[in-house]
Number of protein chains: 2
Amino acid sequence: MNLKLSTSEENYIKSIYHLQSVSDIVNTNSLAKELNTKAASVTDMLKKLKLKKLIQYERYYGFKLNDKGTQTALSIIRRHRLWEYFLVSKLGFDWDKVHIIAEELEHVSSMELIKKLDTYLGNPKIDPHGDPIPDVNGRLPVIKQINLFKLPLKKTGIVSSVSNQSPQMLEMLKHYGIRIGSQIKINKAFDFDRSLEIKLSKQPACIISEQVAKNIFVYHD
Amino acid sequence: MNLKLSTSEENYIKSIYHLQSVSDIVNTNSLAKELNTKAASVTDMLKKLKLKKLIQYERYYGFKLNDKGTQTALSIIRRHRLWEYFLVSKLGFDWDKVHIIAEELEHVSSMELIKKLDTYLGNPKIDPHGDPIPDVNGRLPVIKQINLFKLPLKKTGIVSSVSNQSPQMLEMLKHYGIRIGSQIKINKAFDFDRSLEIKLSKQPACIISEQVAKNIFVYHD
DNA sequence: AAATAAATTTAGACAAACCTAAAAATATTT
DNA sequence: AAATATTTTTAGGTTTGTCTAAATTTATTT
């Protein structure tokens with residue numbers, strides 16, 4: 001049996017993993033929707049993935065990734081997120097433009113490539129969307145991520161993710177110079193409208209609204 | 001009709017281009033051999049490539065790339081060589097290990113990606129094997145630069161570039177007194193370990209290993 | 001518990017890219 | 001110019017991943 005997975009098989013594994021971590025309902029239809037395909041195609045693939053011992057699957061009953069499948073998913077996610085990090089930090093892409101390209105790059109299969117890429121990037125723990133990057137052994141770093149409001153005054157945090165990724169929001173963040181990885185500090189919190197005066201390194205202080213602030217997450221020690 | 005080419009179609013185009021530039025004999029069998037496939041499969045693909053207006057093809061008569069096909073080939077080669085350059089200069093791969101990985105990366109289709117990669121690498125003109133990198137418009141820079149191994153015995157060359165720029169490599173080159181612009185000559189090539197006895201002006205002859213030699217490129221007339 | 005609805009699977013087809021074996025066209029010998 | 005060899009193409013089949021339409025199973029109503 002073929003050890004190397006096809007692009008399609010990898011995409012199924014990744015989607016099952018994603019659905020499992022987002023919602024409890026993982027069934028043929030939801031997977032079909034996630035992958036923009038039809039339920040019948042999903043069933044076909046489920047049979048194959050079972051044969052390759054990547055999922056538990058009993059017809060009409062349901063399915064889920066087993067240990068091997070989960071490890072496979074994490075390895076694909078690792079590749080995806082490292083490439084996203086590369087595209088943003090080295091090539092200067094905006095973080096909302098990199099997903100589609102990383103979807104292609106993630107299927108390039110060389111182990112050595114990913115190892116060297118990881119080293120080159122400085123073993124990053126978080127991708128440009130603020131999502132954790134699994135390590136070589138498939139372990140997800142535990143990141144103590146908190147809402148910007150919970151960051152104590154005058155304590156430095158590092159922007160880790162933004163929950164609203166609408167173009168409007170991204171435009172606003174760009175304007176303020178806020179991006180994943182930015183060092184951020186709260187100078188003052190105004191009770192009146194819950195706005196915050198913040199300070200980013202190498203930038204003058206500025207004020208952001210509650211609206212904006214509540215979508216920003218940071219991690220700190 | 002589908003504008004985007006499949007990986008397989010791209011590989012055929014690339015191979016036809018390669019055979020055309022290396023030998024005059026480009027026929028079904030030689031292409032089959034080049035691609036590790038069978039003549040019947042080649043015929044199938046030739047029909048498709050003709051349909052997509054990438055080649056001239058008349059059954060039993062022969063085939064060759066037309067303008068569109070040639071431009072396509074050059075764009076694939078551009079991607080391939082830029083990735084090779086990246087793998088060597090940024091990730092620290094040895095130049096003889098990058099081909100297989102670049103074969104995969106070259107099929108990632110984003111224009112923006114290649115544009116930014118090119119800028120990031122400083123618009124290199126030559127890949128780590130000493131082959132020219134086509135520009136955005138598919139033009140090949142004319143460069144009389146060759147690997148030190150390809151310099152005929154007793155002929156003088158001028159060091160033009162070094163593909164491995166690690167501190168270790170640079171230390172070694174410094175030790176030998178090799179720098180960009182140095183006049184260099186090969187006195188003798190040892191088959192046993194592929195090491196070279198070289199002579200630099202105003203210095204005694206010395207022996208360098210294959211490891212070192214394969215990273216050195218020279219101009220000569 | 002029967003009827004209806006929803007989800008899932010099977011059956012059978014299709015396109016892409018490959019294959020083998022046989023046929024057709026072209027080249028080379030004799 | 002016949003006979004033989006080589007090259008190329010066709011015919012028909014396989015695998016992967018997809019599809020539609022129909023059948024089956026499970027879930028929900030009435």
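The sequence lines fix the lettering, A, B, ..., with proteins before strands; numbering per chain opens at 1.
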Over how many whole Å does the gap from B:Leu49 atom CG to C:dC18 atom P extend? 11 Å
Backbone of A:Lys53 reached by a side-chain donor or acceptor of A:Asn66 within 3.5 Å: yes
Does C:dT10 have its OP1 or OP2 closer than 4.0 Å to a side-chain nitrogen or oxygen of A:Lys47? yes
Under 3.5 Å, side-chain donor or acceptor atoms of residues 33-42 of chain B against the rest of the protein: list the pairs with distances, not counting sequence neighbours.
{"from": "B:Glu34", "atom 1": "OE2", "to": "B:His18", "atom 2": "ND1", "distance (Å)": "3.0"}

Rounded to whole angstrom units, what separation is found between the CG atom of B:Leu46 and the C1' atom of C:dC18? 14 Å
Stepwise, does the salt bridge (charged side-chain N to carboxylate O under 4.0 Å, His left out) test hold for A:Lys116 with A:Glu112? CA-CA 6 Å; A:Lys116 284 193 195 288; A:Glu112 193 67 10; 3.7 Å; yes
Just the rounded figure in Å: distance from P of D:dT7 to CG of B:Leu31. 15 Å
Show every salt bridge (Lys or Arg N to Asp or Glu O under 4.0 Å) that has at least one partner inside residues 59-68 of chain A, sequence neighbours left out. none
B:Ile198 versus B:Ile178, closest heavy-atom pair with distance: CD1-CD1, 4.0 Å
Let me know the distance between CG of A:Asp44 and P of D:dT16, rounded to the nearest Å. 12 Å
Under 3.5 Å donor-acceptor pairs involving side-chain atoms of residues 85-93 of chain B, not counting sequence neighbours:
{"from": "B:Ser89", "atom 1": "OG", "to": "B:Tyr85", "atom 2": "O", "distance (Å)": "2.9"}

Between atom CD in B:Glu9 and atom P in C:dA15, what is the gap in whole Å? 15 Å
So, OP1 or OP2 of D:dT20: does either fall under 4.0 Å of a side-chain N or O from A:Lys38? yes
Close approaches to DNA chain D from residues 10-20 of chain B, in residue order (heavy atom, under 4.0 Å): none
May I ask you to decide whether B:Glu10 forms a salt bridge with B:Arg79, counting only side-chain N to carboxylate O separations under 4.0 Å? yes
In whole Å, I'd like the distance from the CD atom of A:Glu58 to the P atom of D:dT26. 12 Å
Starting at atom CE of A:Met45, determine the distance to atom P of C:dT9, rounded to an integer number of angstrom. 14 Å
Protein-nucleotides 4-8 of chain C N/O pairs under 3.5 Å:
{"from": "C:dT8", "atom 1": "OP2", "to": "A:Asn29", "atom 2": "N", "distance (Å)": "3.0"}
{"from": "C:dT8", "atom 1": "OP2", "to": "A:Asn29", "atom 2": "ND2", "distance (Å)": "3.4"}

Of all heavy-atom pairs between B:Arg78 and B:Pro134, which one has the smallest distance, and what is that distance? NH1-O, 2.9 Å
State which residues pass side chain to side chain donor-acceptor pair (under 3.5 Å) with A:Asp131; sequence neighbours excluded, sorted by chain then number. none
Please state whether the phosphate of C:dA16, meaning OP1 or OP2, lies under 4.0 angstrom from any side-chain nitrogen or oxygen of B:Ser8. no
Report yes if a side-chain nitrogen or oxygen of B:Thr37 is closer than 4.0 Å to either non-bridging phosphate oxygen (OP1 or OP2) of C:dC19; otherwise report no. yes
Could you tell me the separation between the NZ atom of A:Lys50 and the C1' atom of C:dT9, rounded to a whole number of Å? 14 Å
